[in-house]
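A short write-up of the structure that comes next.
Both backbone and side-chain heavy atoms feed into the values below; hydrogens, waters and symmetry mates do not. Start at 1 and go down the list; that is how both ligands and their atoms are numbered. The structure presented is a predicted model; accordingly, all values stated were derived computationally and were not measured.
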Amino acid sequence: MGSALLKGLSKADGYTLTACDLDPDALESVAEYSSTTTSDPDVAAEADVVIVAVKPDIVMHVVDDIDLSADQTLVTLAAGVSTDVIEPHTDATVVRIMPNLAAETGNMAAAVTQHSVTDDVRAILDAVGEFVEIDEQQMDIATAVNGSGPAFVFYLLNAMKQAGVDGGLEDEEAKTLAAQTFKGAAETVLQSDQSIDELIDAVCSPNGTTIEGMDVLWDSDADEAVVDAVSAAERRSKELAMESEDE
Ligand SMILES: NC(=O)C1=CN([C@@H]2O[C@H](COP(=O)(O)OP(=O)(O)OC[C@H]3O[C@@H](n4cnc5c(N)ncnc54)[C@H](OP(=O)(O)O)[C@@H]3O)[C@@H](O)[C@H]2O)C=CC1
Ligand SMILES: O=C(O)[C@@H]1CCC=N1
């Protein structure tokens, strides 16, 4: 996730980016997107905004190892780790975000804790996509919807692509048509004043093809399967929260 943010931010103006990782190969892979690479956390800790992009079970140890002052901002993106858990370990302002991998292309959907978000963090999130400011209580469901969400969408997109291949399209043709259809539909939802139900209706020509397919979906449990997937991810985020509080 850290490298996706780095790659996205490297295309934005005004940022001096320091990448820190203990693995030289990992650093090498992001060198072209960074002003500086280092394996020394103290060098990375000189930044105004320090984003700690490590797994939830080690985030506290990494925060303990860096000495930040009250005029710095520490951004955590670890699933399930609350600002309450991090704050006693640093003097910096702690901002929790839930980003996603589309940061790399500037299309990230992110959630951020409204009680602690700073203008610096708003600018970073704005530079790589769209964000919403939410109550920290809502971070588990945001983690499931926009953090894990890309994987769920990849799964659905793959099913659409596979249907195209099964119907006789070449693999690449089906991938392009399915992916561009997801992208275009998502953009339409973001830009349109119409409700999603109204948009579905607009695609369904009278006695046409779409209504035949929609009848199959409306009669199926497809929406429930998506809700169940999101609920499972949300439940895991809550478990991670309990685990980090017990540490
Ligand atoms: N993947 C995703 O789509 C999303 C992930 N997140 C959150 O992002 C965080 C990272 O997840 P993810 O990117 O998937 O995990 P990865 O394991 O891919 O990335 C973690 C990186 O941190 C490195 N690292 C480990 N210890 C240190 C250290 N002490 N100092 C510097 N770097 C270190 C790891 O190196 P090494 O591999 O050598 O251990 C690895 O490169 C998690 O907290 C997750 O909850 C949030 C939203 C979306
Ligand atoms: O799977 C995970 O735990 C991380 C958090 C959200 C997306 N990836």
Side-chain angles (χ1 to χ4, degrees), residues 1-9 17-31 33-34 36-47 49-68 74-83 85-86 89-90 94-113 121 124-125 128-132 134 136 138-155 157 226 229-245 247:
M1 186 60 238
S3 65
L5 277 170
L6 202 54
K7 288 174 186 173
L9 282 172
L17 302 168
T18 300
C20 177
D21 201 299
L22 305 182
D23 174 1
D25 291 339
L27 279 182
E28 177 62 32
S29 71
V30 295
Y33 308 103
S34 319
T36 310
T37 59
T38 181
S39 57
D40 182 354
D42 290 337
V43 172
E46 289 167 12
V49 178
V50 177
I51 303 177
V52 179
V54 297
K55 299 235 172 76
D57 55 340
I58 62 165
V59 61
M60 226 85 73
H61 307 297
V62 174
V63 173
D64 278 336
D65 282 349
I66 52 178
D67 190 19
L68 301 180
L74 175 90
V75 176
T76 171
L77 44 74
V81 182
S82 76
T83 52
V85 167
I86 305 269
H89 296 260
T90 183
V94 178
V95 179
R96 180 177 172 193
I97 66 170
M98 181 43 57
N100 73 26
L101 284 183
E104 183 167 342
T105 61
N107 290 300
M108 178 167 83
V112 59
T113 46
V121 175
I124 288 171
L125 298 178
V128 291
E130 303 286 333
F131 68 96
V132 296
I134 62 172
E136 188 159 3
Q138 299 169 307
M139 267 294 177
D140 296 311
I141 184 64
T143 297
V145 170
N146 73 284
S148 302
F152 306 149
V153 173
F154 295 147
Y155 176 90
L157 197 159
V226 172
V230 171
S231 298
E234 180 191 15
R235 189 185 62 241
R236 180 62 186 142
S237 179
K238 288 181 173 158
E239 283 171 8
L240 288 169
M242 282 189 285
E243 287 168 22
S244 71
E245 277 161 20
E247 273 206 2

What residue and heavy atom of the protein are closest to [atom], and at what distance?
{"atom": "atom 30 (N) of ligand 1", "result": "L22 CG, 3.9 Å"}
{"atom": "atom 14 (O) of ligand 1", "result": "M1 N, 4.6 Å"}
{"atom": "atom 27 (C) of ligand 1", "result": "V54 CG1, 3.8 Å"}

Notebook entry, point to check: Short question: side chain of T113, backbone of R96 - any donor-acceptor pair under 3.5 Å?
Noted result: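 Confirmed, T113 side chain pairs with R96 backbone.
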
Note to self: Under 4.0 Å from atom 39 (O) of ligand 1, can you find at least one protein heavy atom?
What the structure shows: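 Given the 4.0 Å limit, the answer for atom 39 (O) of ligand 1 is no, no protein heavy atom qualifies.
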
Checklist line | Any protein heavy atom < 4.0 Å from atom 18 (O) of ligand 1 | finding: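 Within 4.0 Å of atom 18 (O) of ligand 1, no protein heavy atoms are found.
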
Note to self: Please work out, at 4.0 Å between heavy atoms, whether the side chain, the backbone, both, or neither of D21 comes within that distance of ligand 1.
What the structure shows: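 Looking at D21 and ligand 1, atoms from backbone and side chain both fall under 4.0 Å.
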
Margin query: Heavy atoms only, cut-off 4.0 Å: how does M98 contact ligand 1, side chain, backbone, both, or neither?
Written below: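 The part of M98 near ligand 1 is the side chain, not the backbone.
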
Check: Relative to atom 8 (O) of ligand 1, which among L27, V52, I58, L77 owns the nearest non-hydrogen atom?
Finding: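 Result: the heavy atom closest to atom 8 (O) of ligand 1 is in L77.
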
Checklist line | Selection from A78, A103, A53 by shortest heavy-atom distance to atom 20 (C) of ligand 1 | finding: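 Shortest heavy-atom distance from atom 20 (C) of ligand 1: A53.
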
Check: With atoms numbered from 1 as shown, which atoms in ligand 1 lie under 4.0 angstrom from a non-hydrogen atom of P99?
Finding: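 Near P99, the atoms of ligand 1 are 46 (C), 47 (C), 48 (C).
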
Check: If you take all heavy atoms of N146 and A111, which pair is closest and at what distance?
Finding: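 Nearest pair, atom of N146 first, then A111: ND2-N, 3.9 Å.
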
Next item on the list: Indicate whether the side chain of D40 and that of T38 have a donor and an acceptor atom separated by less than 3.5 Å.
Entry: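 Checked: D40/T38 side chains show no N/O donor-acceptor pair below 3.5 Å.
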
Next item on the list: Could you tell me whether some N/O pair between A79 and ligand 1 is separated by less than 3.5 angstrom?
Entry: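 N/O-N/O distance under 3.5 Å: yes.
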
Next item on the list: Measure the distances from the heavy atoms of P41 to every atom of ligand 1 and state whether one is below 4.0 angstrom.
Entry: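 The answer is no: ligand 1 sits nowhere under 4.0 Å from a heavy atom of P41.
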
Checklist line | Pocket residues of ligand 2, ordered first by chain and then by residue number (heavy-atom cut-off under 4.0 Å) | finding: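 Lining ligand 2: A79, G147, S148.
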
